[in-house]
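Before anything else, here's the structure in question.
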Amino acid sequence: MEDIRKAAVVIIGGGVTGLSAGWWLARDGIDVVVVEKGTLGAEASGRNGGGCSHHHSPLFREEQRLWPMMDELLGYPTEFRPNRVRLARSDEQMVLYGRALTNAAAQGFRSEVLDAKQAQELVPLAGEGIVGGYYYAFGGHANPHRTLQGYAWAMQDHGGTLLQNCAVTGFRRAGGRVVAVETERGAIACDHVVIAAGPHTGRLAALLGADIPLAVARAEMIVTEALPLMPLGGVDGNGLYGRQTLRGNLAYGGGPHEWLDLPHEGAPPKPSTPLAGNIARRVAELLPKAAHARVIRSWAGVIENTPDGRPIIDRLPEPDNVIVATLSSVGFGLSPASGRAIRDLVVDRACSFADLSTFRLDRFAALEPDWRERLGWLSAEAFAHRQGSAV
Amino acid sequence: MTEVRPDPKSVAGKAVPPAETADLVVIGAGPAGLAAAIEAARAGLGVILVDEHPVGIEVMGDEVPLHFGQAMTGAVRNRNAMMEAVLAAAPEIEAAVEAGVDVRLGTAAWGLYANGPGLAWLPGTLVGVAADGVAHLIGARRVIVAAGRRDMGLAFPGWDLPGVVGATAAVTLARRYQALAPRRVVWLGSTSEALAAALDLKAAGVEIAALVECAAAPVGAPDLVAALAAGGTEILAGHAVRRAEGADRVASVTVVPVDAAGADAGPARSIACDGVVLAVAAVPVVDLLDAAGCRIGFDPARGGHVPVVDGDQRTSIADIHAVGDCAGLWPAKARDPEIARAEGRRAARAVVASLGGAAGPEAAPTDGPGQPEVDPSAYRTAWVAASVVHAARDCTVCQCEEVTAREILEVRPPRYLDAAHDARNDRSLASLLGEGPPDPDQVKRLTRAGMGPCQGRRCREQVAALLAIGGAVPLDRIRLASHRAPVRPLSLAVLGSLPEHPDQAAHWDSWFGMKGQWRPFWEVPPQFRVGDDADGPQVSE
């Protein structure tokens, strides 16, 4: 193997988090290479609902500040559209979706409570069965594929490099630092490393002796043919997340996930299941006037979660030039802000615009070793194995 | 040992028993599927045989499952008459019923699901079917897919006119429905599969005015070419189509001599016709197999992307077999349905044996494909170069989403963004490339080609050929764009009729339903232990 190149920063993972970080670094004139084992966004980054309203997160304010500017900042269309309506078909859902109001209000964002009539007026495809809803004067949705490609092209416009079909095989260390990232196409010498490899983040960090508690699962979505555009596409609720795309398709997901054991190498299989039918029924309940719309695809994505479901964006104690970033299954909408936070951590060793203390890795210092068992986050095979060995 | 309870928000324990079960489900009532079903039923298996034909006129209008191109007569409105026609066209259906096969016509298989890597909670192998506006799942101990073939689309100006029809669709309309409208057609393509279909159509009373082949000479069996020529068909080798014309349907087609690169090499001429038949490539229908996760490979001797099967027609998923045209197409197989039937019987015997039954006597083995008469990779690319690239890069390749060849090659944003003239978006295919060839899934997501309600049936192979041309790689290096269930468009209401486990409904959540995930960051404790987080809401935002 030869050293094919060197870079100030090597980012492992061509998903939204890694590409956004690459773009933020490149636009500061920093020499950055993003290495991706497959094609960009081929995993969860290209398979999500496109939502951008994460009021629970310390990155929320920055997410909200950046999204309306992203087309201009990147120079490519993301299809971002602001605001969101959530419809409730039960009092229970009404209470659940109301939590956003409190969280957002605490950070200075406005929302409105809608009665059934107002909700139906805002959402032409809605119908009977709505008890009410909320209008969030924040958040919104964007097209994940277009946004991913926008990050990649914008990063390249600023001199950054994207290497696709290039899996990382190891690290070279010297003096308490990583000095090169080894890939199947040669090594890349570097000053800093960012591991933003989604479900593979734990496996890669383990090569450096770091224990990143992660479990991976498969979740599903469906999409219909295009329908006439509603005035506001960011409509969901009834146990679903999703949107009407700018093309007019209804794209929604929700329902049970399947915990998996990640294969040791390569992309995890992502079969979809008859769950598509159960999602379809809820879309038809949410938007009864679209019940005739034909479902033309379903798909699944594989995503990682930390034990508390919150991101890890932190520098490893050792080697000290490695930053680990997992957004714990909620990464797309936050990506403009998470990329900037990673840039800050790499360049300035601290985030300039948000308090990332809840994203620190050492919050798991006292985590039970059997946390996956305690949470029940086991694959069917792991359950079967346990039952077999318990007998 | 810690007591382990499954995550209540996960799939664990949520499987619904299928509405019905069968030893064997056969999908497709062509020669291979019927032979398989009859063989298995005679050996004592409980067999359900589904076939989507006759499909309704609205479904035909959506180009599902074939490229019908509005070439059907009004007779297809009469569903009872069409059911009778389909039955009359295949006497073996009656034999299947007599053998005890549960035959279900007008029943589309839209999904095929099997437990495997990444999926372990299903109650077994499942076939999703829909008929008369209701979807349900059939649990199958074994599945034999005999989904047949369809036609590669080929764009040229006017190819969206009614009367431009796929060869398989034309033969199906003529033979199974007795409802083909065009009477005088121009035929594109000259493989043996194409020639056999042309002779079949001619025998059904359709005039084949001209056979157009972009290669310097017809590529299929000379005896078939001679039979067509003897019947009065003009053989136009070294020609391509430049446009089809007509007010509300095809009235003529303009053809032109072309050189080896597909560029114009002589004066154009017009041929009067009321149909143009696309027969450049018969394509094995692998949608269900691919969506189920069966391994698919590009085999030049078997007509392109086909399931990898063993000697018993078993796919990489042991419960699923593939037989007939969907398992591979070659000249001898196109001319002699006995080869497909033999595959069906072979698969059925393997199924019977695997379920502990007594299979019938071994049949004499049939010949495999042998050497291909033409390299399908080069042949299809040449047609796309001659037709799509040279006719007009601005003609629409994906009719559903209105995407042109130029827009695909330049990876332009779709028109709904109104950004087509934005110089910033003027990126070439090269700007997407990694070290590998262009990825059709990536291109379709950015351009939307293939993302419409016909589910890419009319543009999938053309887009692949365009990417081969744009990426300067052979077509067989372009990965198969992924297929997704439902492989037939199904309304939210119909797909939503699938049942659901009560526990799933009770625990349904928009996301993971984790206690801590949506807690506002200012309320998050500095340390996390599972045991400290036992209380609190267990639902997602």
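Chain letters run A, B, ... following the sequence lines, proteins first, then strands; residues in each count from 1.
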Point to revise | B:Asp62 vs A:Arg294, salt bridge (Lys or Arg N to Asp or Glu O under 4.0 Å): CA-CA, chis, key distance, verdict | key: CA-CA 11 Å; B:Asp62 293 332; A:Arg294 291 163 305 174; 2.3 Å; yes

Exercise for review: Can you see which heavy atom on B:Leu119 is nearest to which on A:Ser272, and at what distance?
Suggested key: CD2-O, 4.4 Å

Check your understanding: Are A:Trp259 and B:Phe512 an aromatic pair by the rule of ring centers under 6.0 Å?
Key -> yes

Exercise for review: Show your reasoning for whether side-chain contact (heavy atoms from CB on, under 4.5 Å) applies to B:Leu417 and A:Glu79.
Suggested key: CA-CA 8 Å; B:Leu417 285 180; A:Glu79 304 190 18; 3.5 Å; yes

Review point. Which bit of A:Arg372 comes within less than 4.5 Å of chain B, counting heavy atoms only: side chain, backbone, both or neither?
Key: neither

Practice item. Could you tell me whether the side chains of A:His257 and B:Asp7 share a donor-acceptor contact shorter than 3.5 Å? Key: yes

Review point. Of the non-hydrogen atoms in A:His145 and B:Arg445, which two are nearest, and what is the gap between them?
Key: CE1-CD, 3.0 Å

Exercise for review: I would like to know whether B:Leu495 and A:Ile279 meet side-chain contact (heavy atoms from CB on, under 4.5 Å); could you show each step before the answer?
Suggested key: CA-CA 9 Å; B:Leu495 191 58; A:Ile279 298 172; over 6 Å; no

Check your understanding: Using a distance-only test with no angle check, is there a side-chain donor-acceptor pair under 3.5 angstrom linking B:Gln504 and A:Asn278?
Key -> yes

Check your understanding: For the candidates B:Phe528, B:Trp508, B:Trp110, which exhibits the highest count of non-hydrogen atom pairs separated by less than 4.5 Å from chain A?
Key -> B:Trp508

Practice item. Let me see the working for A:Thr273 and B:Trp121 under side-chain contact (heavy atoms from CB on, under 4.5 Å), right down to the final yes or no. Key: CA-CA 10 Å; A:Thr273 76; B:Trp121 65 282; 3.6 Å; yes

Point to revise | Under 4.5 Å from any heavy atom of chain A - which part of B:Asp441 | key: neither

**Study point:** Distance-only donor-acceptor check, side chains B:Arg448 and A:Asn249, under 3.5 Å
**Key:** yes

